[in-house]
Peer 1: 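Provided herewith is a single structure, encoded as structure tokens, for subsequent inquiry.
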Amino acid sequence: MSRRVHLALPPWLAHALRAQRGPVPWSAVTRGVLAAGPLLVAAILAGRTSLGVVAAVAAMLAGINDRPGSRRSSVKRVGGPALAGAVGLLVGTYAGQNTGPVVLTMILTALGLIAGGVSAIGLVASGAGTQFLVAAAVGAGMPLPEPGWERALAFLAGAGWLILLRLALPTPGAFAGDFRFDGERDAVAAVYDAVAELLDAAGTEHATARRAALTAALDHAQDALGGPRLRRYASSAAERRLHAQYAAALPLAEAATALAWAGEAVTERASEGPRRLADSVRGNTHTGPLPAPHRSAPALRALDDALLHAAEAFDQGKGGDLHTRRRTARDLLRAAFGVGGREYGLRVALCFGASAAIAQALHHTRWYGQHEHWYWLPVTAVFLVKPDLGPLASRVLNRAAGTVLGAVLFAGFAAVLPHPEGLVALVAVCGALIPVSTRHFAAQTTVVTVLVLALVMVGGEPQASASRIGETLLACAIVLIVGHLPMPGQRGGGVRARLVAAGGAAHAYLTHVLGESDDRAARWTLRREAYRTLSEARTAIAHGSAELPALARHVEGADEIADILERLVDTTTACAVHLDDTGRLTPRHTELLAGLLCELSRSSDRVGLPDLRMPVRSVRSVAM
């Protein structure tokens with residue numbers, strides 16, 4: 001009798017082959033067509049081709065950050081990194097013009113240390129740090145006739161043009177009411193859909209995955225509603241309504257989580273109300289009558305009360321402003337200069353400085369010839385060292401493969417396309433492909449390689465496919481070496497910092513619930529932060545676990561701690577709902593909480609994270 005042998009790929013290789021799925025973002029594709037290409041055409045017609053190249057590069061980088069979400073949140077998501085890029089271009093230009101290779105390398109290394117630490121704060125900060133360093137290297141090494149301030153303005157113009165397109169162009173098919181809020185509506189509606197799916201999964205093996213999906217939907221909605229307001233005090237009725245609808249989803253999510261924690265199935269009737277609310281948000285219509293669930297348990301009574309509250313909030317359009325993620329300056333500084341920020345900053349500084357030094361040394365040798373693109377090496381290293389793009393081995397494999405493919409493709413295009421018309425058209429096509437290619441790092445690298453090489457030739461320089469491949473492979477080697485070097489302190493600093501943050505948020509949430517405070521708005525805000533930081537820790541752990549074995553071993557035991565924290569936050573949510581209904585906890589609740597805290601202390605001691613210990617006495621004091 002034959003047996004089938006299933007060969008499992010190692011995690012680092014499996015991650016390199018994995019791609020995201022989803023519908024084609026046609027609105028982003030349209031913006032990509034209208035971004036870099038038209039900017040380049042306008043610059044050529046005005047006789048300022050070099051500035052057009054700078055603006056097109058800025059539009060390309062903005063397109064990479066132009067992810068799905070609301071219009072106004074894209075101002076921060078795209079505009080923040082673009083502003084940092086303009087500053088980096090200005091600094092790099094004047095540093096390159098007024099210093100020698102040694103001093104320039106020291107300056108770039110110092111910039112890498114600072115920008116790397118800032119990048120540990122979050123996704124927008126990471127994009128800002130990356131664009132700052134990329135633009136600094138381009139400004140220091142790209143031979144342009146314009147002064148630094150003109151380059152910076154051109155960079156801002158390129159990114160600003162894409163932001164303008166993002167704010168002005170409607171999403172195809174999204175004309176329900178005011179199309180300016182279609183991204184916000186979709187995000188809030190997805191929260192109610194996720195609540196309904198969690199209720200359907202209660203009592204099944206899918207409940208944990210559905211709760212994680214609800215957390216992701218709430219995170220996305222929180223970001224979508226976090227964009228800048230057009231007016232400080234009085235915003236439009238549509239915006240007030242969306243804020244009220246999001247706020248009304250928080251008690252529903254809490255009740256659904258408590259029902260999933262109980263492990264008992266609920267009737268289909270329980271999920272009908274959230275689904276009707278989702279349809280109401282998506283279509284910008286009235287809710288109509290909502291079916292009430294049975295009120296046979298505290299969590300079901302909480303669900304019914306939350307549905308009644310949601311119906312009232314939908315009709316009146318009034319709700320608490322709970323979308324803002326409250327992070328103080330102290331929190332940001334701790335993230336930037338804590339263990340995670342220090343480790344990442346050191347690695348960025350080493351990669352950026354070493355690649356800049358090697359590139360300038362090669363630039364002045366006969367082997368390197370008269371090639372003027374030495375800045376490509378540090379630019380490539382900056383992208384490769386970013387941990388939020390995936391594990392190191394995955395990034396290196398995808399970058400190498402994508403660059404080789406993109407360079408070969410461009411060599412073929414350059415041989416047959418007319419200059420410069422065909423190359424400008426190629427830039428426009430690549431701009432359209434960027435939103436689709438971001439689903440896989442190798443595909444994104446392929447598209448960006450073709451676009452950058454086309455811009456180089458439009459700027460009047462020779463075809464550079466071969467040198468592009470060589471520099472990328474060299475950057476891959478540098479980042480691999482630096483990525484495996486020992487650093488001061490313990491390895492896995494990013495993962496450890498995320499776990500400590502998740503533990504602190506869980507403790508703050510637990511303390512609030514056990515304190516029996518009547519401030520439910522504060523409780524929902526703390527609950528959001530607990531689940532959000534836990535989700536961020538999970539992502540960091542997944543990336544760390546998919547590294548090569550030499551690096552993956554440094555995050556061993558982190559998954560166990562994340563599991564305990566997840567069960568702790570779920571149990572805290574169930575306790576909050578029960579306290580609302582009865583005013584006291586059952587022995588089951590207190591025993592579970594005490595057991596989880598003891599388990600967390602043992603696991604944190606085992607992996608060397610004493611900051612995660614939480615006192616058990618406060619739990620035992622809240623008895624029946």
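All heavy atoms count here, side chains included; hydrogens, waters and symmetry mates do not.
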Peer 1: Please find the pair of heavy atoms, one from Arg210 and one from Ala201, that lie closest to each other, and give the distance.
Peer 2: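 Closest approach of Arg210 to Ala201: CG-CB, 3.6 Å.
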
Peer 1: Can you check whether Val281's main-chain N or O pairs, donor with acceptor, with Thr285's side chain at less than 3.5 Å?
Peer 2: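 No.
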
Peer 1: Salt bridge check: are Asp219 and Arg528 linked by an N-O gap of less than 4.0 Å?
Peer 2: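 The answer is yes: the pair qualifies as a salt bridge.
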
Peer 1: Kindly give the heavy-atom pair with the smallest separation between Ala217 and Ala194, and that separation in Å.
Peer 2: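 Nearest heavy atoms, Ala217 then Ala194: CB-CB, 4.1 Å.
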
Peer 1: When rounded to the nearest 0.5 angstrom, what is the spacing between CZ in Arg602 and CG in Leu597?
Peer 2: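 If I round to the nearest 0.5 Å, the distance is 11.0 Å.
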
Peer 1: Under a 4.0 Å threshold between the charged nitrogen and the carboxylate oxygen, would Asp200 count as salt-bridged to Arg275?
Peer 2: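 Looking at Asp200 together with Arg275, the answer is yes, because their closest N to O distance falls below 4.0 Å.
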
Peer 1: Assess the side chains of Tyr509 and Thr573: does a donor N or O sit below 3.5 Å from an acceptor N or O?
Peer 2: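 Yes, a side-chain donor-acceptor pair sits under 3.5 Å.
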
Peer 1: Does Arg532 reach the side chain of Ser535, with side-chain heavy atoms less than 4.5 Å apart?
Peer 2: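 In short, these two side chains do not touch, never coming nearer than 4.5 Å.
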
Peer 1: Does either side chain, that of Ser280 or that of Arg276, offer a donor lying less than 3.5 Å from an acceptor on the other one?
Peer 2: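 Judged by distance alone, the side chains do not pair up.
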
Peer 1: Applying ring pair (Phe, Tyr, Trp, His ring centres under 6.0 Å), can you list everything that pairs with His220, at least two apart in sequence or on another chain?
Peer 2: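 His220 satisfies ring pair (Phe, Tyr, Trp, His ring centres under 6.0 Å) with no other residue.
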
Peer 1: Kindly indicate whether the side chain of Tyr344, heavy atoms from C-beta on, has any atom under 4.5 Å from the side chain of Lys386.
Peer 2: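 Yes; the side chains approach each other to less than 4.5 Å.
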
Peer 1: So, does Arg269 use its side chain to make a donor-acceptor pair with the main chain of Val266 at under 3.5 Å?
Peer 2: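 Pair absent, no side-chain N/O of Arg269 close to backbone of Val266.
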
Peer 1: How long is the gap from CZ on Arg567 to OG1 on Thr572, to the nearest 0.5 Å?
Peer 2: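 Result: 12.5 Å between the selected atoms.
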
Peer 1: Report yes if some heavy atom in the side chain of Glu566 is under 4.5 Å from a heavy atom in the side chain of Thr208; otherwise report no.
Peer 2: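 Touching, per the 4.5 Å side-chain cut-off.
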
Peer 1: For the pair Ser604 (side chain) and Ser601 (backbone), establish whether a donor and an acceptor sit closer than 3.5 Å, ignoring hydrogens and angles.
Peer 2: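 Side chain of Ser604 to backbone of Ser601, a donor-acceptor pair under 3.5 Å: yes, one is there.
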
Peer 1: Roughly how far, to the nearest 0.5 Å, is the CG atom of Asp559 from the OG atom of Ser545?
Peer 2: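 The OG atom of Ser545 sits 5.5 Å away from the CG atom of Asp559.
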
Peer 1: For the side chain of Ser126 and the backbone of Gly122, is there at least one donor-acceptor N/O pair under 3.5 Å apart?
Peer 2: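 Such a contact is absent between Ser126 side chain and Gly122 backbone.
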
Peer 1: Any side-chain heavy atom of Leu307 within less than 4.5 Å of one from Pro274?
Peer 2: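 Yes, close enough: below the 4.5 Å cut-off.
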
Peer 1: Looking at residues at least two apart in the chain, or sitting in another chain, which of them share a salt bridge (charged side-chain N to carboxylate O under 4.0 Å, His left out) with Arg301?
Peer 2: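 Arg301 satisfies salt bridge (charged side-chain N to carboxylate O under 4.0 Å, His left out) with Asp581 only.
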
Peer 1: So, are Arg523 and Asp518 salt-bridged, with charged N and O less than 4.0 Å apart?
Peer 2: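 Looking at Asp518 together with Arg523, the answer is no, because their closest N to O distance does not fall below 4.0 Å.
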
Peer 1: Would you please test Asp580 and Arg520 for salt bridge (Lys or Arg N to Asp or Glu O under 4.0 Å) and show each step?
Peer 2: CA-CA 10 Å; Asp580 285 345; Arg520 294 193 181 185; 3.6 Å; yes

Peer 1: Donor-acceptor pair, distance only, cut-off 3.5 Å: does the side chain of Thr590 make one with the backbone of Pro587?
Peer 2: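 Answer holds: yes.
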
Peer 1: Does the side chain of Thr130 reach to within under 4.5 Å of the side chain of Pro81, using non-hydrogen atoms?
Peer 2: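 No - every pair of side-chain heavy atoms lies 4.5 Å or more apart.
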
Peer 1: Backbone N or O of Leu165 within a donor-acceptor pair of the Arg31 side chain at under 3.5 Å?
Peer 2: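 No; zero donor-acceptor contacts below 3.5 Å.
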
Peer 1: Between Ile564 and Ser603, is there a side-chain heavy-atom distance shorter than 4.5 Å?
Peer 2: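 Ser603 reaches Ile564 side chain to side chain.
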
Peer 1: Any side-chain heavy atom of Leu250 within less than 4.5 Å of one from Thr525?
Peer 2: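 No - every pair of side-chain heavy atoms lies 4.5 Å or more apart.
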
Peer 1: Using a 3.5 Å distance criterion without hydrogens, assess whether the side chain of Ser271 forms a donor-acceptor pair with backbone atoms of Glu268.
Peer 2: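 It does hold such a pair.
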
Peer 1: Go through the steps to decide whether Thr215 and Arg211 satisfy the test side chain to side chain donor-acceptor pair (under 3.5 Å), and finish with yes or no.
Peer 2: CA-CA 6 Å; Thr215 294; Arg211 206 276 307 143; 2.7 Å; yes

Peer 1: For the OG1 atom of Thr438 and the CD atom of Gln20, what is their distance to the nearest 0.5 Å?
Peer 2: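 CD of Gln20 is found 7.0 Å from OG1 of Thr438.
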
Peer 1: Sort and list the pairs that fulfil ring-ring contact (aromatic ring centres under 6.0 Å, His included) and have at least one residue in residues 561-585, not counting sequence neighbours.
Peer 2: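 Listed by first then second residue: His578-His589.
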
Peer 1: Set out, in order, the CA-CA distance, both residues' side-chain angles and the distance that settles ring pair (Phe, Tyr, Trp, His ring centres under 6.0 Å) for Tyr192 and Phe314, then state yes or no.
Peer 2: CA-CA 13 Å; Tyr192 286 98; Phe314 273 47; 5.7 Å; yes

Peer 1: Would you check, one step at a time, whether the test side chain to side chain donor-acceptor pair (under 3.5 Å) holds for Thr257 with Arg527?
Peer 2: CA-CA 11 Å; Thr257 301; Arg527 178 178 176 273; 2.8 Å; yes

Peer 1: Take Leu277 and Leu252, measure what side chain to side chain contact (heavy atoms under 4.5 Å, CB included) needs, and give me the verdict at the end.
Peer 2: CA-CA 11 Å; Leu277 292 172; Leu252 273 173; 3.8 Å; yes

Peer 1: Would a distance-only check, ignoring hydrogens and angles, find a side-chain to backbone donor-acceptor pair under 3.5 Å from Glu547 to Leu392?
Peer 2: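 Yes, because the side chain of Glu547 sits within donor-acceptor range (under 3.5 Å) of the backbone of Leu392.
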
Peer 1: Can you find a heavy atom in the side chain of Glu254 that is under 4.5 Å from one in the side chain of Trp524?
Peer 2: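 Yes, side chains in contact.
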
Peer 1: Do the charged groups of Asp563 and Arg538 touch, with an N to O distance under 4.0 Å?
Peer 2: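 Salt bridge: yes.
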
Peer 1: Does Arg67 offer a backbone N or O that forms a donor-acceptor pair with the side chain of Arg77 under 3.5 Å?
Peer 2: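 Judged by distance alone, yes, a pair lies under 3.5 Å.
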
